[in-house]
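One structure is given below, encoded as structure tokens.
So you know, we letter chains A, B, ... as the sequences are listed, proteins then strands, and number each from 1. Just the heavy atoms: all of them, side chains too, but no hydrogens, waters or symmetry mates, feed the values below.
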Number of protein chains: 2
Amino acid sequence: MDDRPGVGRPTLETVARRARVSRQTVSNVLNSPHLVHPETRSRVERAIEVLRYRPHQAARSLRTHRSRLIGVRMEAFGDGINGSILDRFIHALTEVAEGHGYRVLVYTAADDASEIAAYEDLLGTHEIDAFILTSTHRADPRTAWLASRNTPFVTFGRPWDGTEHHSWVDVDGAAGTREATRRLCALGHQRIAFLGWPEGSGVGDDRRAGWEDALRGCGWDPAALVVAGPDGVDEGREGAHRLLDGAVPPTAFVCASDSLALGAIGALSDLGLVPGPDLPVIGFDDTAVARAIGLTSLAQPLGQAAQLCVNLMAALLGTDPDGTSTRPAHHLLRPELVVRATGLGGPPTGHPTATITSARTPTS
Amino acid sequence: MDDRPGVGRPTLETVARRARVSRQTVSNVLNSPHLVHPETRSRVERAIEVLRYRPHQAARSLRTHRSRLIGVRMEAFGDGINGSILDRFIHALTEVAEGHGYRVLVYTAADDASEIAAYEDLLGTHEIDAFILTSTHRADPRTAWLASRNTPFVTFGRPWDGTEHHSWVDVDGAAGTREATRRLCALGHQRIAFLGWPEGSGVGDDRRAGWEDALRGCGWDPAALVVAGPDGVDEGREGAHRLLDGAVPPTAFVCASDSLALGAIGALSDLGLVPGPDLPVIGFDDTAVARAIGLTSLAQPLGQAAQLCVNLMAALLGTDPDGTSTRPAHHLLRPELVVRATGLGGPPTGHPTATITSARTPTS
DNA sequence: ACACAAGGTTGGATCGTTCCAACCTGGTGA
DNA sequence: TCACCAGGTTGGAACGATCCAACCTTGTGT
């Protein structure tokens, strides 16, 4: 007699009484609708509606060991320029995951070891269903750990060690720099430099490879046109200076990041030069900074990447009714070249932003 | 006989058997250690250690209706310049929350109504313990909804309607613009313009008020020195042009955002002018773009804000053992002025970044 | 007329924890 | 000697869902 509406939260039992069926039937309506007679089903559905019933996830988890939660690490942003793209990825991921009935739980970790400790904790206490890993790198211990525990996961970033075997989504950095470099070649550039990172980082090597490949393809020699250093504006500036002071000063710059590209622009400015169609500078990641200063850059399709990550994850979790292959799968996406004031001489951008163009037209 | 170590996950029962006590005693060790005899306690703790036991949160939630989860909305970033600061806030929040034993669950919502729908879902299914709200604004329906459900929450952003009564943390925008404006006055500037947003937005009005206040304090008339429009680089550029073309062209710009400031820099460039000690431009939020182009800006103390938000939340949830006041409390933090190339002529920044300085030294 | 199968539906047991009332054990005061 | 108390510990019940085996129909074939 105390199941008056509004008293306490509705449970399966409440709904069942109202629809004059048993608990289990209500549960079936939610989880295996095909088992329930259509007429019964609609009666139950109406009761659910009226009572604004929502299944209690904790009770579900307790029984099924599924939480409908996926874990993603929030990374510390270095200079704030490049870090932001992971935030954009997480945003997209959250949105896509919600469409699949999953919620995103974020956590922080200082390094791989503490990230693994976080896995252990999250799996133990919250029974996270799956993890989406970002920033994969060589000798990454995380994937092996997760695999050894049979925890489903998808990486945004390919496995750089080659031996691994799991689902992943990545952006084809080489394809991006290759396209940019080819287009520069087509415009007549020969001394196209590459500002990159020290050898050994998967992402950096990949982006450099595309440039080198294209350059050779055009018949030019990449030697003496590459400089490598840690990521950062100052590092980019310094690297660009080394190239510009060298024997074969470049006429174009392809960079592994927007930070480095920004540094290159600074170096050119130091020499009284301004990037543009005749002296292109191309960055990578299409960050807010690139948009702000009119830097041509290669944009990662983050929304699409998030979508695919969730799809692969759903496949691993067997959410998709038709038992689609549980075998690991992967996708390699092409970045998109966003042409702005600093290069590849597309049509005038209409709103050449701020400072870049300013130095060219000092008066009026 | 089937409690061999390593078989299945350890539960309270497993630990209890190993420590030769009852389930409940183990539970007490975890939740009310003072009830347990020290000797017993250490025996139990050792068993927990050895078995790597972790309490199962779903089972806990089921019984206690607490999830140790807090909800935060991930907002869509407009032009990617200003949006990123909320991501930084969420990052800090996640880190601080972890220190208090809470995890952060993120979600997306297109508007207030769908955010409220998200609350309803998250409370119903995951029993989120509390929400941290960002971007409070006038006539914000979210706080009333949460209050009516007795759901604990803290807002990052003060209640702009005055009538509300809850815990919040905010940054004193007026104090920031006031300080910047005063310093400009002290340097001899009289025509200090303000580039802001349309009246009615709490944050925008606040930031404008600080400028106006300081300007009057210095004996100058703010009339004809203010321009308002939507946020954005183009809008800032246009607004600055209107001011520069007017009867009293400003000699300094204080802006409500880095986007607007960037626009102002663009407008100056259009006229062959370059911001700097003699023609300062000051932004707000100290975004990555500001750092990248050397824009002086007012930085919000996001880490501190996150810390205080979590503290207030913990107080509401009664986590702190000493039952500190459950009454709503609030904190108003001062932003910090970060001086760079575009203004307030501090000592040379050492690394004047890229383009801004470039136009001043076209050769060598 | 009866065994049998398939579609729908049901109630009991269970997941791992905390709440609760009861229990045991010494020590204290009448 | 016994009632009483407080500190420490215990086992049963409950939280809200799903798993599982059994149940009741109804229709079909023999």
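Between the side chain of A:Arg63 and the base of C:dT14, a donor-acceptor pair under 3.5 Å is found. No N or O donor and acceptor, one from the side chain of A:Arg41 and one from the base of C:dG8, sit under 3.5 Å apart.
Remark: A:Ser22 is in phosphate contact with C:dT10, judged by side-chain N or O atoms under 4.0 Å from OP1 or OP2. Taking only side-chain nitrogens and oxygens, B:Asn28 never comes nearer than 4.0 Å to OP1 or OP2 of D:dT9. Between B:Ser27 and C:dT17, a side-chain N or O to OP1/OP2 separation shorter than 4.0 Å is absent. The phosphate of D:dG8 (OP1 or OP2) has a side-chain N or O of B:His37 nearer than 4.0 angstrom. In this structure, A:Thr25 reaches the C:dT10 phosphate: one of its side-chain N or O atoms is under 4.0 Å from OP1 or OP2.
Checking D:dA17, D:dC19, D:dG11 against the side-chain heavy atoms of A:His56 singles out D:dA17 as nearest. For B:Arg23, the listed nucleotide lying nearest its side chain is C:dT17; candidates were D:dT18, C:dT17, D:dG16. Ranking C:dT18, D:dT18, D:dC15 by closeness to the B:Arg60 side chain, first place goes to C:dT18. Proximity note for A:Asn31 (side chain, C-beta onward) versus C:dG16, C:dT18, D:dT18: the nearest is D:dT18.
There is a side-chain donor-acceptor pair under 3.5 Å between A:Thr143 and A:Glu164. In this structure, a donor-acceptor pair under 3.5 Å is present between the side chains of A:His137 and A:Asp112. With no hydrogens or angles considered, a side-chain donor-acceptor pair links A:Glu127 and A:His65 at under 3.5 Å.
Distance B:Arg20 CZ to D:dG8 C1': 19 Å, rounded to the nearest Å. Following rounding to the nearest Å, B:Arg66 (CZ) and D:dC15 (P) show an atom-to-atom distance of 19 Å.
Nearest-nucleotide assignment on DNA chain D puts the 5′-proximal partner with B:Leu35, out of B:Leu62 and B:Leu35.
Atoms OG and CZ, on B:Ser67 and B:Arg103 in that order, are 12.5 Å from each other to the nearest 0.5 Å.
Within 4.0 Å (heavy atoms only), A:Thr40 reaches sugar-phosphate atoms of the nucleic acid but no base atom.
Side chain of B:Thr136 to backbone of B:Arg158: a donor-acceptor contact under 3.5 angstrom is found.
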